[in-house]
Trainee: 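Just dropping this structure here.
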Amino acid sequence: DMLLAMTYDQRGRHSTMQFAKSHIKTTEDTAGFPMNKLCLGVPFYGRDIDSGEAATFADIVKTAGGTVDPEKNVVGNQYYNGCSMLEKKVKLAKKHKLAGIMVWEVAQDVHPSNPQSLLTCLHSVVTSTSSSETKPTKEEL
């Protein structure tokens, strides 16, 4: 059994690193909860910062003309988790010895053959962080 933490879907800039850290801290402060049973949730969609309207990551990429900057988490008014943010969240999960990352929802991604794919990004990040014992920097956390 695991706790799949829905650490996304807030109004405004949803799924921020601050919200992920806050959820982990709250869970750590819960006496006796095994952190290796917690999965940190990440979205494959965005939310309009003002209206809260959702858009799939595939639609965000399309709106951006086929390419989004992996270092950014916003296109127009749509806030989402880009590849760089996902990498930071994987490292955060590793640092706190969580069970892993949970995605909502993979069908909202672009096709995995697309270099913009968040699933491909996550695969790359998980494989590289699993094969190295690189500690995340203070900036990444």
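Throughout, residue positions are numbered sequentially from 1 according to the sequence presented.
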Trainee: Hey, is the main chain of Ser113 close enough, under 3.5 Å, to the side chain of His111 for a donor-acceptor pair?
Mentor: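 At least one qualifying donor-acceptor pair exists.
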Trainee: Which heavy-atom pair separates Asp69 from Tyr80 by the least distance, and what is that distance?
Mentor: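 Closest approach of Asp69 to Tyr80, heavy atoms only: O-OH, 4.1 Å.
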Trainee: Find out if a path of hydrophobic residues (ILVMFWY) with successive side-chain heavy-atom gaps under 4.5 Å connects Val126 to Trp104.
Mentor: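 No.
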Trainee: Heavy atoms only: give me the nearest Ala5-His23 pair and the separation to one decimal.
Mentor: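 In this case the closest contact between Ala5 and His23 is CB-NE2, 3.3 Å.
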Trainee: So, the side chain of Asn81 versus the backbone of Ser15: is there a donor-acceptor pair under 3.5 Å, distance only?
Mentor: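 It does hold such a pair.
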Trainee: Minimum heavy-atom separation for Thr7 to Lys89, with atom names?
Mentor: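 Smallest interatomic distance, heavy atoms only, reads O-NZ, 4.4 Å.
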Trainee: How long is the span from the NE2 atom in His123 to the OG atom in Ser128, to the nearest 0.5 Å?
Mentor: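 So the gap between those two atoms works out to 10.0 Å.
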Trainee: Drop me the distance from Asn77's CG to Ile49's CD1, to the nearest 0.5 angstrom.
Mentor: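 Reported value, rounded in 0.5 Å steps: 5.0 Å.
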Trainee: Could I get the full list of side chain to side chain donor-acceptor pair (under 3.5 Å) partners for Thr27, not counting sequence neighbours?
Mentor: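 Checked Thr27 against side chain to side chain donor-acceptor pair (under 3.5 Å); zero matches.
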Trainee: Working to the nearest 0.5 Å, report the span between CD of Gln116 and SG of Cys121.
Mentor: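 Interatomic distance, Gln116 CD to Cys121 SG, rounded to 0.5 Å: 10.0 Å.
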Trainee: Quick one, Leu38 and Phe33 - any side-chain contact, counting heavy atoms below 4.5 Å?
Mentor: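 Answer yes - side chains close enough.
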Trainee: Does any part of the side chain of Ile24, heavy atoms only, come nearer than 4.5 Å to the side chain of Met35, both counted from C-beta?
Mentor: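 Answer yes - side chains close enough.
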Trainee: Closest heavy-atom contact between Cys39 and Met2?
Mentor: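 Residues Cys39 and Met2, closest heavy atoms: SG-SD, 3.6 Å.
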Trainee: Kindly compute the distance separating CE (Met85) from CD (Glu71), expressed to the nearest 0.5 Å.
Mentor: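 Answer for the CE-CD pair, Met85 versus Glu71, is 10.5 Å.
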Trainee: Looking at Thr63, Val110, Val61, which one forms a side chain to side chain contact (heavy atoms under 4.5 Å, CB included) with Val68?
Mentor: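 Output: one option passes, namely Val61.
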Trainee: Report yes if some heavy atom in the side chain of His96 is under 4.5 Å from a heavy atom in the side chain of Leu92; otherwise report no.
Mentor: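 Yes - at least one pair of side-chain heavy atoms lies under 4.5 Å apart.
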Trainee: Tell me whether Val74 is reachable from Tyr45 by hopping between hydrophobic residues (I, L, V, M, F, W, Y) whose side-chain heavy atoms are closer than 4.5 Å.
Mentor: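 Hydrophobic grouping puts Tyr45 apart from Val74.
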Trainee: Enumerate the residue pairs fulfilling salt bridge (Lys or Arg N to Asp or Glu O under 4.0 Å) with a member in residues 27-37, sequence neighbours excluded, ordered by first and then second residue.
Mentor: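 Of all non-adjacent pairs touching residues 27-37, those that pass salt bridge (Lys or Arg N to Asp or Glu O under 4.0 Å) are Lys25-Asp29.
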Trainee: Below 4.5 Å, heavy atoms only, C-beta onward: do Val125 and Leu86 meet side chain to side chain?
Mentor: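 They are not in contact (no side-chain heavy atoms under 4.5 Å apart), so the answer is no.
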Trainee: Quick one: sort the His14 and Tyr79 rings into parallel, tilted or perpendicular, breaks at 30° and 60°.
Mentor: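 Answer is perpendicular, since the angle exceeds 60°.
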Trainee: Measure the shortest side-chain to side-chain distance between Tyr8 and Phe19 over non-hydrogen atoms and say whether it is less than 4.5 angstrom.
Mentor: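 With C-beta onward as the side chain, the pair stays apart.
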Trainee: Taking Lys91 as the fixed residue, which of Glu87, Lys88, Lys94 is the one that meets the side chain to side chain contact (heavy atoms under 4.5 Å, CB included) rule?
Mentor: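 Result: among Glu87, Lys88, Lys94, Glu87 is the only option passing the side chain to side chain contact (heavy atoms under 4.5 Å, CB included) with Lys91.
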Trainee: Examine Val42 and Leu4 and state if one hydrophobic cluster contains both, with Ile, Leu, Val, Met, Phe, Trp and Tyr joined whenever side-chain heavy atoms are less than 4.5 Å apart.
Mentor: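 No, separate clusters.
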Trainee: Within a 6.0 Å radius of atom CE on Met6, are there more than 12 heavy atoms belonging to other residues, nucleotides or ligands?
Mentor: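 Check passes, neighbour count above 12.
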Trainee: Can you get from Leu118 to Met102 by hopping between Ile, Leu, Val, Met, Phe, Trp and Tyr side chains that sit under 4.5 Å apart?
Mentor: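 In one cluster: no.
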Trainee: Is a side-chain donor or acceptor of Ser124 paired with a backbone partner of Thr120 at a separation under 3.5 angstrom?
Mentor: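 It does not hold such a pair.
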Trainee: Quick one: does any side-chain atom of Asp109 pair with a main-chain N or O of Phe44 as donor and acceptor, under 3.5 Å?
Mentor: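 It does not hold such a pair.
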Trainee: Are Val106 and Ile60 connected in the hydrophobic side-chain network, where two residues link if heavy atoms are under 4.5 Å apart?
Mentor: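 Val106 clusters together with Ile60.
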Trainee: Please find the pair of heavy atoms, one from Thr56 and one from Gln108, that lie closest to each other, and give the distance.
Mentor: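 Residues Thr56 and Gln108, closest heavy atoms: CB-O, 3.6 Å.
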